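Note: hydrogens, waters and symmetry copies are ignored here, and every other heavy atom, side chains too, is used. Remember, it's a predicted structure, so these values are computed and weren't measured experimentally.
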Amino acid sequence: MKKMFGKRLRELRTAKMLTQETVAELIDIKPENYSRIENGLSFPKPENIVKLSKVLDVEIAELFQFSHLNDYDKILECIIDKLKKDKDTTIITYKFLKSLGKL
């Protein structure tokens, strides 16, 4: 999930012709932390997801539209596997969905 999210961010950022440093500054994180997000090594906090959607001028849902993945079953399998194995990701996902009113 982190890698897909990072690829999507890169797609949106480059479409807006923004640098990683600019986006990092606009959402108030260190450039190296933003780079880790785009490279799929970490995931942003829910509040930074909101900031990213504003900086990139997209709805939050658009940040999770992975045009390079169209196989629903594969996506679902990856998410369930990650949630089962990673307590922190499960908690973050829960908080994120709750903040969107989806839970």
Side-chain angles (χ1 to χ4, degrees):
M1 174 84 168
K2 287 189 262 185
K3 289 201 180 291
M4 293 182 293
F5 186 81
K7 286 181 183 179
R8 181 65 176 147
L9 278 184
R10 184 172 286 126
E11 289 173 2
L12 294 168
R13 177 183 57 78
T14 57
K16 297 284 183 190
M17 297 192 300
L18 297 170
T19 65
Q20 286 186 347
E21 292 79 12
T22 300
V23 174
E25 181 180 333
L26 291 170
I27 67 168
D28 197 31
I29 64 172
K30 294 179 180 178
E32 47 276 358
N33 290 340
Y34 182 79
S35 177
R36 290 179 52 79
I37 294 168
E38 271 198 7
N39 287 309
L41 301 173
S42 64
F43 198 76
K45 295 177 183 178
E47 59 268 18
N48 287 336
I49 291 173
V50 173
K51 291 177 186 178
L52 284 165
S53 73
K54 290 178 182 176
V55 167
L56 297 171
D57 194 31
V58 296
E59 295 292 327
I60 291 174
E62 288 181 63
L63 296 173
F64 295 91
Q65 292 176 352
F66 309 122
S67 60
H68 52 283
L69 274 180
N70 295 318
D71 186 348
Y72 173 80
D73 292 329
K74 185 173 182 175
I75 294 169
L76 183 60
E77 181 182 326
C78 289
I79 291 171
I80 290 171
D81 186 54
K82 182 65 174 176
L83 293 173
K84 285 181 179 178
K85 292 180 180 177
D86 188 339
K87 182 179 177 181
D88 291 336
T89 298
T90 303
I91 291 168
I92 290 169
T93 302
Y94 174 81
K95 288 178 180 179
F96 175 68
L97 291 173
K98 186 112 173 138
S99 74
L100 293 177
K102 300 294 183 182
L103 294 176

Using side chain to side chain contact (heavy atoms under 4.5 Å, CB included), reason through Lys2 and Leu41 one step at a time and then give a plain yes or no. CA-CA 7 Å; Lys2 287 189 262 185; Leu41 301 173; over 6 Å; no
Determine, stepwise, if the pair Leu52 / Tyr34 fulfils side chain to side chain contact (heavy atoms under 4.5 Å, CB included). CA-CA 10 Å; Leu52 284 165; Tyr34 182 79; 3.8 Å; yes
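Of the possible polar contacts, one joining the Ser99 side chain to the Phe96 backbone as a donor-acceptor pair under 3.5 Å is found.
Gln20 is not listed as a side-chain neighbour of Pro31, based on a closest heavy-atom distance of 4.5 Å or more. By the 4.5 Å heavy-atom criterion applied to side chains, Val50 and Glu47 are not counted as neighbours. Inter-residue side-chain proximity for Leu56 and Leu9 is flagged as met; some heavy-atom pair is nearer than 4.5 Å.
For Glu62, the CD atom counts as densely surrounded, since its 6.0 Å shell holds more than 12 non-hydrogen atoms of other residues, nucleotides or ligands. Atom OH of Tyr94 sits in a sparse spot, with 12 or fewer heavy atoms from other residues, nucleotides or ligands closer than 6.0 Å.
Listed here is the closest heavy atom pair of Thr22 and Leu18: CG2-CD2, 4.1 Å. Closest approach of Thr89 and Lys82 over heavy atoms only: OG1-CE, 3.5 Å. Of all heavy-atom pairs spanning Thr90 and Leu83, the tightest one is OG1-O, 2.6 Å.
Going from atom OG1 of Thr93 over to atom CZ of Phe43 covers 6.5 Å, rounded to the nearest 0.5 Å. Between the NZ atom in Lys54 and the CD1 atom in Ile60 there is a gap of 8.5 Å [rounded to 0.5 Å]. Separation of atoms CD1 (Ile37) and CD1 (Ile27) is listed at 5.5 Å; rounding is to 0.5 Å. A distance of 8.5 Å separates NZ of Lys51 from CD1 of Ile29, quoted to the nearest 0.5 Å. Expressed to the nearest 0.5 Å, how far CD of Glu59 lies from CG of Asp57 amounts to 9.0 Å. Rounding to the nearest 0.5 Å gives a distance of 9.0 Å between NZ of Lys7 and CZ of Arg10.
Cluster annotation: Ile91 and Phe5 are assigned to distinct hydrophobic clusters (Ile/Leu/Val/Met/Phe/Trp/Tyr, side-chain heavy-atom contacts under 4.5 Å, transitive).
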